[in-house]
Asks: 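Take this structure first; my questions come after.
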Amino acid sequence: MSVRVRFAPSPTGFLHIGGARTALFNWLYARHTGGTFILRIEDTDAARNTQEAVEVILNGLKWLGVDWDEGPATGDPKGPSKGSVGPYFQSQRGPIYKKRVDELIQKGCAYEHEGAVKFRMTREPIVIRDLIVGEVKRELTDREMAEPDFVIVRSDGQPVFHLVNVIDDLEMGITHVVRGEDHLSNTSKHIALFRAFGVEPPAYAHIPLILNPDGTKMSKRDQGASLTTYEAEGCVPEAVVNYLCLLGWSPKQNREVLSREEIIQLFDLPQILRHNARFDATKLQWLNGEYIRTMSFERFHEFAVQALNRAGLPITRFSTGYIRSALETCAGKIKQFSELADYAGFYFTDELAYDPAAKASLGPDERARLSRLREAFVVLEHFNATSLEAALKEVARKLEVKVGALVHPCRFACTGRTSGPSLYHLLEVLGKERVLQRIDRALALAEEAAQSP
RNA sequence: GGCGCGUUCGUCUAUCGGUUCAGGACACGGCCCUCUCAAGGCUGAAAGACGGGUUCGAUUCCCGUACGCGCUACCA
């Protein structure tokens, strides 16, 4: 039988990083087995769920490259969808639930109670055979001892989560339920429900939760809990996918950086770890840097322009050729695109803001050397990296100083920073006119500062 | 409180009772390279929660304790 898995989020206007990983693991399993990945929207809480909230989920999955074989095409519950077992919005499946509840009542498995419908739950412990956790024998809690039956339809007529979740999985032919470990204890209810409908439950695979760096539960409010922040910070989706896979799963063989294809090939459910993993933003950042360094320049350029625009830099005032050259000096030097505005901002401004902490880098000696360097630059015929380097080294030789003694003041004068892209290349991009202007201005400012301490 | 799950370097992990200084990665320290910063190369420090068993032998199997997480709704 072909594998059918699903991701069934509730549209809250937010896609949790843990939910994203659950979706990813489902998707990977489907792709690994050649099965079907289904997206179902659990929008039973009508008041809260909006079309925009659904779109947050759809866009998040698309951004990650997690595509669904069946499910909604848009955020509109009544809109178009793919697949033959829809609707894929729970809000549209009322009649199906009604029919199934009637079936349960007729079978004597459920009964009305004060306007609600309750399920006649077994009093025996239920054994859950979980692909990840192993065999779990769920004993009844003290509350369940007192009252094992639970509500499946509220007195206002709304069916509850446990019921609709099971009915949908049943009707949609789900073969493997891959979901967060927070549902492990609920699984006994679900298994009992499946059996009441006369079918064997699907296979279960409960994946451990993602925790904050301090080991506490990662909730909505926590830093980095929302998938959209990664896109906003200029993360590369493949890096996020790669990182998420490394939380609770290992490709073994000391591998860390893996392509999507490799992950699909290696991924399987039984190998998923049984314990929670803490989210390590630093390692994600490292992975992100790896992906940035190895991506094509075209893609780097695309991400970069987006990031600079988002940061509000007036790059449209500059020619595309200039922007391109500027970005070429930055390629592979950053770990996250959100750093770029800071890293390359000096290319796109006239009023350079000098890092106050580094003002001391233009003392009397440095100013003298910088002036000599300026003289050498003025007479340069070809203002390119090669000749700039030659000119600078020639001045250094004449002054009998190390190249660094010229490089640092010059960098500071032209970029306002003590670190950045390769100096010679950056000067070439800036061009003679700008470079001389900046040196003059830096010299003047430093002189001024020296006069009035 | 009850029920369930978990526990290897700071973090993510490898190890499917026995070739090991318990391996790798991120982060951190040092060195090299170098126009700065990254990157890269080399290198250093860093772990089996605790206590009992089982066994010739346990990180690995069992039990207990501690700690963490989850579930315990007419929420999903």
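Protein chains get the first letters and strands the later ones, always in sequence-line order, with residue 1 at the start of each. This one's a predicted model, so the numbers in the text were calculated from it and none came from an experiment. Values reported hereafter were calculated over all heavy atoms of this structure, with side chains retained and with hydrogens, waters and symmetry mates removed.
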Asks: Any donor-acceptor pair under 3.5 Å between the side chain of A:Glu181 and the base of B:G4?
Replies: no

Asks: Would you kindly give the CG-to-C1' distance between A:Leu211 and B:G68, to the nearest whole Å?
Replies: 8 Å

Asks: Please determine whether a side-chain nitrogen of the Lys or Arg among A:Glu238 and A:Arg299 lies less than 4.0 Å from a carboxylate oxygen of the Asp or Glu.
Replies: yes

Asks: Between A:Glu124 and A:Lys137, is there a side-chain N and carboxylate O pair less than 4.0 Å apart?
Replies: no

Asks: Between A:Tyr424 and A:Asn384, does any side-chain donor sit less than 3.5 Å from a side-chain acceptor?
Replies: no

Asks: When rounded to the nearest Å, what value does the distance between C1' atoms of B:U8 and B:C31 take?
Replies: 30 Å

Asks: Can you tell me whether the side chain of A:Asp142 and the base of B:G1 have a donor-acceptor pair closer than 3.5 Å?
Replies: yes

Asks: Closest approach of A:Leu273 and A:Ile132, non-hydrogen atoms and distance?
Replies: O-CG2, 3.8 Å

Asks: Could you tell me the Watson-Crick or G-U partner of B:C61, where both distances fall under 3.5 Å? Say none if there is no partner.
Replies: B:G53

Asks: Tell me the interatomic distance from A:Arg40, atom CZ, to B:A76, atom P, rounded to whole angstroms.
Replies: 13 Å

Asks: Find the distance A:Tyr424:OH to B:C37:P and express it as a whole number of Å.
Replies: 14 Å

Asks: Assess whether a salt bridge exists between A:Arg40 and A:Asp169, defined as any Lys/Arg side-chain N lying under 4.0 Å from an Asp/Glu carboxylate O.
Replies: yes

Asks: Who does B:U20 pair with, Watson-Crick or G-U, both distances under 3.5 Å?
Replies: none

Asks: Considering only heavy atoms and no angle criterion, is a donor-acceptor pair shorter than 3.5 Å present between the side chain of A:Lys335 and the base of B:A38?
Replies: no

Asks: Starting at NZ of A:Lys283 and ending at P of B:U11, how long is that distance when rounded to a whole Å?
Replies: 13 Å

Asks: Which residue, A:Thr282 or A:His425, contacts RNA chain B at a nucleotide closer to its 5' end, judged by nearest heavy atom?
Replies: A:Thr282

Asks: Got a salt bridge between A:Arg417 and A:Asp342, using NZ or NE/NH1/NH2 to carboxylate O under 4.0 Å?
Replies: yes

Asks: Given the structure, check if the side chain of A:Arg411 and the base of B:C35 hold any donor-acceptor pair shorter than 3.5 Å.
Replies: yes

Asks: Please list each protein N or O that sits under 3.5 Å from an N or O in nucleotides 28-31 of chain B, with the distance.
Replies:
none

Asks: Checking all strands, does A:Ser155 fall into the base, sugar-phosphate, or nothing category for heavy-atom contacts under 4.0 angstrom?
Replies: base

Asks: Is any N or O donor-acceptor pair between the side chain of A:Lys217 and the base of B:C69 shorter than 3.5 Å?
Replies: no

Asks: Considering Watson-Crick and G-U wobble pairs with both distances under 3.5 Å, what does B:G6 pair with?
Replies: B:C67

Asks: I'd like to know whether CZ of A:Arg129 has more than 12 heavy-atom contacts from other residues, nucleotides or ligands below 6.0 angstrom.
Replies: no

Asks: Of the options B:U13, B:C12, B:U36, whose atoms approach the side-chain atoms of A:Arg278 most closely?
Replies: B:C12

